[in-house]
Amino acid sequence: MRNTPAETPAETSAENSVSKPATNAETVPSPSPSPSPSPSPSPAGWHVLGAMAVVLVLWASAFIAIRFVGDAISPGPLALGRQLVGTAALVVVALIRRPPLPRGRTLALIALYGVLWFAGYTLVLNLAERHLDAGTAAMLVNIAPLLVALAAGAFLKEGFPRSLMIGMLVAFVGVVIIATGGIGAHSDPLGIALGILAAVLYALGVLVQKVALRTADALSATWVGCAIGATVLLPFLPQAVGEFTSAPAPAIWATVYLGIFPSAVAFLLWAYVLQRSPAGLTASATLAVPAIVVLLSWLLLGELPTLLGMVGGALCLLGVAISRRSPRHPKG
C-alpha cells in the first residue's frame, strides 16, 4: 500500500489517540509528483568523449610522423607498412576478444571502407605530405567533416541540428584562417589537390563505415577493414622490402608508431565512438585536429604558428565545443 502524506507515523499516532482510524484514503490528496532530477552525464557518455579525445590526438600525431619519415620511405611502402603493423596489432586483440566475423552485405561495406580509408586515404595523405607541411595538410583534410555532416544529414537521415551547423561554420572559419595565414608556406598546387582528394576519401570512408557499423562489431569492422586496406596496398611490397631494409631506425619506428597508434588504437576507438554517435556530429569533432597539429608541429618540428594560425586553431576548438552541444528539449 502506497504511503500518503496523511499516513506519516506522527499523524497515525494522533489519529489512534482519538480512536478514529484513517480509513478514508480517498479523501487524502495524492502526493504531487516530485520534479525529476536534472540529468547528469552518464559514464558511457564520458567514455565516448574520452575516446574521441584520444582519437584526435593520435590522428594529429600521424601528420607529424608522416612528415618526420620524410624521404626515407616512399608514400606507398609507408602506407603498406603502416597497415601491416596495424592489422597485426588488431588481429592480436581480435584473437583475445573473439568478436563475430562480418558477413554478406556488412562484409562488403567493410571491404569498401577499407579500400577507401585504410588504403586510399592513407596513400594519398602520404603523397600530399610530400608537397605540404603537416599543418596545411591537416587543414585540407579537415574539409572532410563538412562533407560528412552534409551527406549524413541528407542520406543517413541524421538531420542538420542548429548547434552542429553553427559549430561547423565557426570551425571552418578557423580552418580557412589557418590555411590562409598559418604555417602553409611550403604548399604547392599538387599538394593542395592531393589534400582535397584525401578529404574526399576520408568522408566517403566515414559514411560507408557508419552504415556498416549498424550491423557489425566495432572490433571486427576495424581489423577486417585494416586487413583489406593492407591487402590492396600489397603491390608496394617489393619496394617496401628494399626501402625498409636501408631506412634509418627512426623512420622504421615512426612507421611502427603509425600502425599501432594512429591506425590500430585510434581507428578502434573511432569505431567505438561512431557506433554511439551520429556520423556528422562525430566527424565534426575532428575539426580540432588542425589546431592540435599546429601545436605539435611547433613542439616537434619547429614550425612556429603565426598569430592567425593560433586564432584559427582557437576557432576550430570553439566550433567543436559548439557542435558537441546537445539540443535542449522543451520540458513537458
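Keep in mind that this is a model prediction, so the values were computed, not measured.
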Would you say [X] and [Y] make side-chain contact, with heavy atoms under 4.5 Å?
X: Leu204; Y: Tyr121; answer: no
X: Ser74; Y: Phe236; answer: no
X: Val224; Y: Pro102; answer: yes
X: Trp253; Y: Val69; answer: no
X: Val294; Y: Met139; answer: yes
X: Ile73; Y: Phe244; answer: yes
X: Leu296; Y: Phe63; answer: no

Checklist entry - Passes salt bridge (Lys or Arg N to Asp or Glu O under 4.0 Å), Arg97 versus Asp217? Steps please. => result CA-CA 11 Å; Arg97 295 282 302 277; Asp217 175 81; 5.5 Å; no
Side-chain donor or acceptor of [X] paired with backbone N/O of [Y] under 3.5 Å:
X: Arg105; Y: Ala212; result: no
X: Arg276; Y: Tyr272; result: yes
X: Ser220; Y: Ala216; result: no
X: Gln83; Y: Phe118; result: yes
X: Ser297; Y: Val293; result: yes
X: Arg82; Y: Val256; result: no
X: Tyr113; Y: Lys210; result: no

Next on the checklist: Does Phe68 form a side chain to side chain contact (heavy atoms under 4.5 Å, CB included) with Tyr257? I'd like the steps, not just the answer.
Outcome noted: CA-CA 12 Å; Phe68 175 78; Tyr257 171 84; over 6 Å; no
Checklist entry - Considering all heavy atoms of both residues, which atom of Leu258 and which atom of Ala65 are nearest to each other, and what is their separation? => result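 Closest approach of Leu258 to Ala65: CD2-CB, 3.7 Å.
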Checklist entry - ring pair (Phe, Tyr, Trp, His ring centres under 6.0 Å) between Phe267 and Trp59: does it pass, once the steps are laid out? => result CA-CA 9 Å; Phe267 274 90; Trp59 279 355; 5.2 Å; yes
